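The block underneath contains the structure these notes are about, expressed in structure tokens.
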Amino acid sequence: MSTLDLVHAPLVDVSALIAGGQASSLEITDALLARIEQTEPTVNAYIDVLADSARRAARAADAVLASGHRLGPLHGVPVSVKDIFDVAGTVNTGGGRLAGSRTATADAPAVARLRAAGAVIVGKTNLHEYAYGYTTENPHYGPTRNPWDPTRMAGGSSGGSAAAVACGSAILALGTDTGGSIRVPSSFCGTVGIKPTYGRVSRRGVLPLAWSLDHAGPIGRTVRDVALALEVMAGYDPQDPASADRAVPAMAGEREYDLAGVRVGVPSNHFFDGIQPTVLSAVRAAIDALSELGATLVEVTIPAVEHTVSAWLAILLAEAAAAHERDLWARPDLYGADVRLYLEQGALVPAVTYLRAQRVRGEIVAAFRRAMVGVDVLATPATAMTAPQLGTVELELGEESEELFHALARISAPFDVTGLPAISLPCGADEHGLPIGLQLVGHAFDEPMILRVADAYEQRGDWHGRHPD
Amino acid sequence: MSMSREDVERAAALAGLSLTPERAEHVQQAFAGLWPALTALADIELGAREPAITFGPVPRGERRTEPA
């Protein structure tokens, strides 16, 4: 396998190569570090590349394997981490300037679980400042550029993670998702990103944006890659108040391709309105493909979903302002212009409005619960459009101009508000060759079902394994 | 109707945030764009539903740490 093939290989293949002795962890880590050096001037996916510690860890992984031990399914595999998770010995910048030179003394549990399974942490990826935005046009560390077209945005807030996976400068990367921040960049960059059920993965050691909306999850090259990573990352953490004390089901491995007996709900309202035509046709074709694989398509209507953005926005604004209260009050000049303005507006949201939004949230959850009776997954576009040009604030998808944040939130935020698990995976390309994402949504804690459906679709091979030159 | 610049200054001060008049004007203009979305929440019929703050997506009587 050539060096280029190696850096674009799925995680499960890299893991097998190391386990089988066909490649060492150090060889793969070196290949990845060389790829980072090659791609960073254009893509800018990383805030901190941990070359020395990654090489030390890779050598140690090779030595352990030579002695006959394998730590776990990620033994020796390089993994990158969004720079909002604590990684021991590094500064958790959150994409901002508040942290100064203060280093984390311990790994966040999600990172620690990956390391315990043998992963080598290779670097910390760029993000929208404090995960508060969809573009990863970071004022302090520069914009992450989309590897498919560097004039376009990678999406956000986990833009560095998705761009790195897409261009071969990461094999797998961690992200967070408060309004779509794993799925939006995955859709724009042609990667697979899963936002698990709220409470499935610990957020301890992750800088908060909005406590009742924050999720953590993996971004990878294939469905099986993110399934393996999620199985490793997931688990109860009594020190995260939102963590769910639930057994983690088997998620990794190969599955049956046949979807006979699986019922796919296709929303008749909201999710297919105001969508770029090429995205709409690609997603419709992907849903037809699910039917060809044996799934039964069922039309569903979700009555309260149109209120989601208002409720999400009120909750996000208020909780983010509370999370940043001390720093915003004391050091507002350290924030970038857009995030500072969001936070200041959050301080103005009346308590009554916040509480009303939480009550509306209850209505939305109940509406999804009713709509999903009798279906196993919902299928929707992952984003309303392919990656816009950097600097885009508004765009026209229907007859009227719409703010970019609203066009993204209306598709992805419903599943942060409800906490339901959702995955984005490639299902097409537009006329410019830019990736299109399909979103599959499951019942709470039923990640295995969305992974099964996603894997079956991916294994058809229509859009699997593409990467930018 | 949205907040005036003076309303913004007062509300920010109540929250402990000191804004210059120029900054308050900037925030007021941005907040005016969000106001319709926030006030739209008041038009939604809610019945007696309890706020879902503690992780919201949890039906009454079930564990408070699990979502929908």
Side-chain angles (χ1 to χ4, degrees), chain A residues 197-200 211-213 236 240-246 304 306-307 309-315 317 321 325 328-329 332 340-350 352-366 368-369 372 403 406 417-421 443-445, chain B:
Chain A
T197 310
Y198 189 83
R200 179 65 98 186
W211 297 285
S212 76
L213 297 166
Y236 179 51
D240 174 353
S243 184
D245 189 4
R246 287 267 188 141
E306 69 273 16
H307 305 311
V309 173
S310 291
W312 169 78
L313 195 57
I315 295 166
L317 284 166
E325 181 179 358
L328 177 65
W329 280 214
R340 178 179 172 181
L341 194 55
Y342 292 144
L343 292 171
E344 287 169 332
Q345 292 173 84
L348 305 178
V349 175
V352 170
T353 301
Y354 174 77
L355 287 166
R356 177 168 279 276
Q358 289 285 12
R359 294 174 73 199
V360 171
R361 179 186 205 168
E363 297 291 338
I364 295 165
V365 168
F368 271 94
R369 190 192 300 273
M372 290 180 71
E403 287 190 39
H406 186 275
V417 166
T418 57
L420 297 173
H443 290 277
F445 299 104
Chain B
M1 193 182 77
S2 183
M3 288 183 171
S4 68
R5 193 202 75 193
E6 290 75 19
D7 291 337
V8 167
E9 281 186 79
R10 273 193 295 273
L14 282 172
L17 181 62
S18 174
L19 297 177
T20 63
E22 295 75 24
R23 188 71 198 163
E25 177 132 8
H26 188 47
V27 174
Q28 185 267 332
Q29 286 170 3
F31 198 63
L34 298 178
W35 195 246
L38 300 183
T39 52
L41 291 167
D43 299 330
I44 300 165
E45 184 56 50
L46 284 170
R49 185 170 288 280
E50 176 185 341
I53 299 169
T54 319
F55 299 121
V58 185
R60 188 182 296 277
E62 292 187 16
R63 294 178 61 89
R64 301 300 295 182
T65 54
E66 295 177 5

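In this text the structure is predicted, and so the values were computed from the model without any measurement. Chain naming here is simple, since letters A, B, ... match the order of the sequence lines and numbering starts at 1 in each.
In this structure B:Gln28 satisfies the side-chain hydrogen bond (donor to acceptor under 3.5 Å, both in side chains) test with no other residue, sequence neighbours excluded.
Smallest separation of non-hydrogen atoms from B:Ala40 and A:Ser310: CB-OG, 4.4 Å. Minimum interatomic distance between A:Ala311 and B:Leu41 (heavy atoms only, all atoms of both residues): N-CD2, 3.7 Å.
Within the 4.5 angstrom heavy-atom criterion, atoms from both the backbone and the side chain of A:Leu328 approach chain B. For a residue to count as touching a neighbouring chain, one of its non-hydrogen atoms must lie under 4.5 Å from one of that chain's; by this rule B:Leu19 touches chain A with the side chain only.
The candidate with the highest count of non-hydrogen atom pairs below 4.5 Å against chain A, out of B:Val8, B:Ile44, B:Leu14, B:Asp7, is B:Ile44. By number of non-hydrogen pairs under 4.5 angstrom with chain A, the leading residue of B:Ala42, B:Gly33, B:Ala11 is B:Ala42.
Atom NE2 in A:His406 sits 10.5 Å away from atom CG in B:Leu34 (nearest 0.5 Å). To the nearest 0.5 Å, atom CD of residue A:Gln358 and atom CG of residue B:Leu46 are 12.0 Å apart. A:Arg356 CZ to B:Leu38 CG: the interatomic distance, rounded to the nearest 0.5 Å, is 12.0 Å.
The shortest side-chain heavy-atom distance between B:Arg10 and A:Leu348 does not fall under the 4.5 Å cut-off. B:His26 places none of its side-chain heavy atoms less than 4.5 Å from the side chain of A:Arg340.
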